[in-house]
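The structure presented is a predicted model; accordingly, all values stated were derived computationally and were not measured. Numbers restart at 1 for each chain; the letters A, B, ... are given by sequence-line order, proteins then strands.
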Number of protein chains: 2
Amino acid sequence: MSDLEQISLELEARGYRVTPSRRAVIAAILARKNHFAADELAKRCRGAGRATVFRTIRLLSDLGVVCRVLMDDGSPRYLVSRSGHHHHLVCTECGTVQDLDQCAVSGALREIADASGYEIEGHWLELYGRCAACRARTAVLA
Amino acid sequence: MSDLEQISLELEARGYRVTPSRRAVIAAILARKNHFAADELAKRCRGAGRATVFRTIRLLSDLGVVCRVLMDDGSPRYLVSRSGHHHHLVCTECGTVQDLDQCAVSGALREIADASGYEIEGHWLELYGRCAACRARTAVLA
DNA sequence: GCCGAGTTGATACTAGGTCTCAACTGAGAC
DNA sequence: GTCTCAGTTGAGACCTAGTATCAACTCGGC
């Protein structure tokens with residue numbers, strides 16, 4: 001079963017209609033190799049209007065199919081990503097985004113909660129750096 | 001020496017002029033007990049135009065006098081805060097923001113760098129939860 | 001007083017996104 | 001088959017959070 005079909009089934013299972021517009025947006029998202037801006041997707045996606053593209057991205061985001069990444073300049077991007085709690089490693093040179101399997105702060109949260117008296121409900125973490133490929137490229141040039 | 005004077009001296013030391021507009025913005029910021037939106041400050045601050053308010057906030061942000069916090073709904077707020085690397089603990093109930101002394105992830109970063117091959121240059125972390133006061137309030141009501 | 005750099009505020013513009021609303025669609029009831 | 005009605009759509013207005021532009025102003029130094 002293709003990703004598109006799988007997502008369509010997921011949508012139907014939740015009571016959403018799988019319309020041609022939604023299919024077009026999902027197909028456009030799946031065709032992306034890396035992250036994308038919502039507006040850029042709206043411009044390229046001929047099969048759906050801007051509002052529909054934004055709505056569909058939000059829908060897929062709720063479903064856990066795509067997630068939002070904040071780039072180091074603060075601009076938001078979207079990414080086909082696994083669902084559940086995870087963080088991202090963003091390469092500041094080539095822009096690729098890598099999922100992080102472990103949650104880096106889960107251990108520290110308890111300590112912070114104890115020290116501050118807060119009941120911590122959520123957190124947001126993005127990591128920025130240079131990926132292995134970019135580092136290798138610079139090393140060769142140097 | 002008042003905070004306003006101290007910030008003014010800091011500005012002068014860096015070669016910036018301390019103009020009435022800047023004083024007005026700084027005074028408005030210092031009058032805030034907690035975080036504020038830049039636009040809201042611009043509306044209330046009669047002594048300076050919108051562009052100047054945004055420019056001054058950026059200037060103070062560069063100086064480390066204020067810092068930007070991303071609330072749990074994604075909206076940006078500013079906060080008079082200590083300079084240097086630190087994170088924030090945002091209460092989702094009353095909105096107060098607390099500085100975190102320790103960087104919760106510094107330890108985990110090395111591990112992630114090793115595992116991923118990334119050279120980690122920076123990170124962004126915000127924590128959301130309910131502060132001690134809000135928890136106490138709910139506990140009394142229950 | 002003059003000069004020039006720094007600063008200002010009005011305004012236009014941008015990005016990223018939501019809201020509104022009339023029109024359309026399609027699944028189920030009859 | 002067609003009626004109905006909730007879900008969906010797209011155009012466009014609108015919103016928030018800023019940045020860019022530019023003529024006018026300010027102020028320190030000569």
Side-chain angles (χ1 to χ4, degrees), chain A residues 7-29 32 35-63 66-79 95 124 126, chain B residues 7-29 32 35-63 66-79 95 124 126:
Chain A
I7 295 168
S8 303
L9 286 178
E10 180 78 17
L11 279 174
E12 273 175 352
R14 303 228 189 175
Y16 297 107
R17 284 193 202 154
V18 180
T19 63
S21 300
R22 287 191 176 151
R23 280 186 166 271
V25 176
I26 296 168
I29 288 174
R32 300 271 133 172
H35 55 82
F36 55 90
D39 234 347
E40 173 218 332
L41 196 76
K43 274 182 198 117
R44 287 171 191 244
C45 187
R46 297 264 57 83
R50 190 165 176 270
T52 301
V53 169
F54 275 91
R55 278 189 286 238
T56 307
I57 289 174
R58 191 167 26 146
L59 191 57
L60 296 176
S61 173
D62 290 346
L63 246 63
V66 302
C67 63
R68 206 173 184 260
V69 189
L70 223 49
M71 306 307 282
D72 57 339
D73 64 351
S75 63
R77 291 288 177 277
Y78 296 88
L79 189 70
W124 173 265
E126 305 279 21
Chain B
I7 296 168
S8 302
L9 286 177
E10 180 78 14
L11 279 173
E12 272 174 353
R14 303 228 189 173
Y16 296 107
R17 284 193 202 152
V18 180
T19 63
S21 300
R22 284 190 177 150
R23 279 186 167 272
V25 177
I26 297 168
I29 288 174
R32 298 272 133 174
H35 55 81
F36 55 90
D39 235 344
E40 173 218 329
L41 197 76
K43 274 183 197 118
R44 286 171 192 246
C45 187
R46 298 264 57 84
R50 191 168 175 270
T52 301
V53 169
F54 274 92
R55 278 188 288 240
T56 307
I57 289 175
R58 188 162 33 144
L59 191 59
L60 296 176
S61 173
D62 290 346
L63 246 66
V66 301
C67 64
R68 206 173 183 262
V69 189
L70 223 49
M71 306 308 281
D72 58 338
D73 64 351
S75 63
R77 291 289 179 274
Y78 296 89
L79 189 70
W124 174 264
E126 304 281 18

Got a sec? Which of residues 44-59 of chain B come in under 4.0 Å of DNA chain C, heavy atoms?
-> Gly47(B), Ala48(B), Gly49(B), Ala51(B), Thr52(B), Arg55(B)
Grab the OH-C1' distance between Tyr78(B) and dA17(D) for me, whole Å please.
-> 8 Å
Between atom OG of Ser75(A) and atom CG of Leu70(A), what is the distance when rounded to the nearest 0.5 Å?
-> 7.5 Å
Whole angstrom value for the distance that separates P of dG10(D) from CG of Leu41(A) = 13 Å
Any chance you could measure Arg32(B), atom CZ, to Tyr78(B), atom OH, to the nearest 0.5 Å?
-> 14.5 Å
In whole angstroms, how far is the P atom of dT8(D) from the CD1 atom of Ile26(A)?
-> 12 Å
Let me know the distance between NZ of Lys43(B) and P of dT16(D), rounded to the nearest Å.
-> 6 Å
Length of the CG-C1' vector between Leu11(A) and dT8(D), whole Å = 13 Å
Nearest 0.5 Å, what's the CZ-CD1 distance between Arg23(B) and Ile7(B)?
-> 10.5 Å
Between Leu70(A) (CG) and dA17(D) (P), how many Å, whole number?
-> 15 Å
Side-chain N or O of Thr19(B) less than 4.0 angstrom from OP1 or OP2 on dT26(D)?
-> no
Nearest 0.5 Å please: distance from the CH2 atom of Trp124(A) over to the CZ atom of Arg68(A).
-> 6.5 Å
Take the protein atom CG of Asp39(A) and the nucleotide atom P of dT16(D), then report the distance between them rounded to whole Å.
-> 18 Å
Report the residue (Pro20(B) or Glu40(B)) whose heavy-atom-nearest nucleotide on DNA chain D is the more 5′ of the two.
-> Glu40(B)
Nucleotide interval of DNA chain C bounded by contacts with chain B (heavy-atom cut-off, under 4.0 Å) | dA5(C) to dA10(C)
Please round to the nearest 0.5 Å and tell me the distance separating atom CD1 of Ile29(B) and atom CG of Leu60(B).
-> 5.0 Å
Any donor-acceptor pair under 3.5 Å from His35(B) side chain to Pro76(B) backbone | no
Do the side chain of Arg22(A) and the main chain of Arg17(A) share a donor and acceptor less than 3.5 angstrom apart?
-> yes
Between the main-chain N or O of Thr52(B) and the side-chain N or O of Thr56(B), is there a donor-acceptor pair closer than 3.5 Å?
-> yes
Looking at Arg68(B), does any N or O in its side chain come under 4.0 Å of the phosphate oxygens OP1/OP2 on dG18(D)?
-> yes
Upstream residue (5' side of DNA chain D) when Arg17(B) and Pro76(B) are each assigned their closest nucleotide = Pro76(B)
Salt bridge flag under 4.0 Å for residues Asp39(B) and Arg50(B) = yes
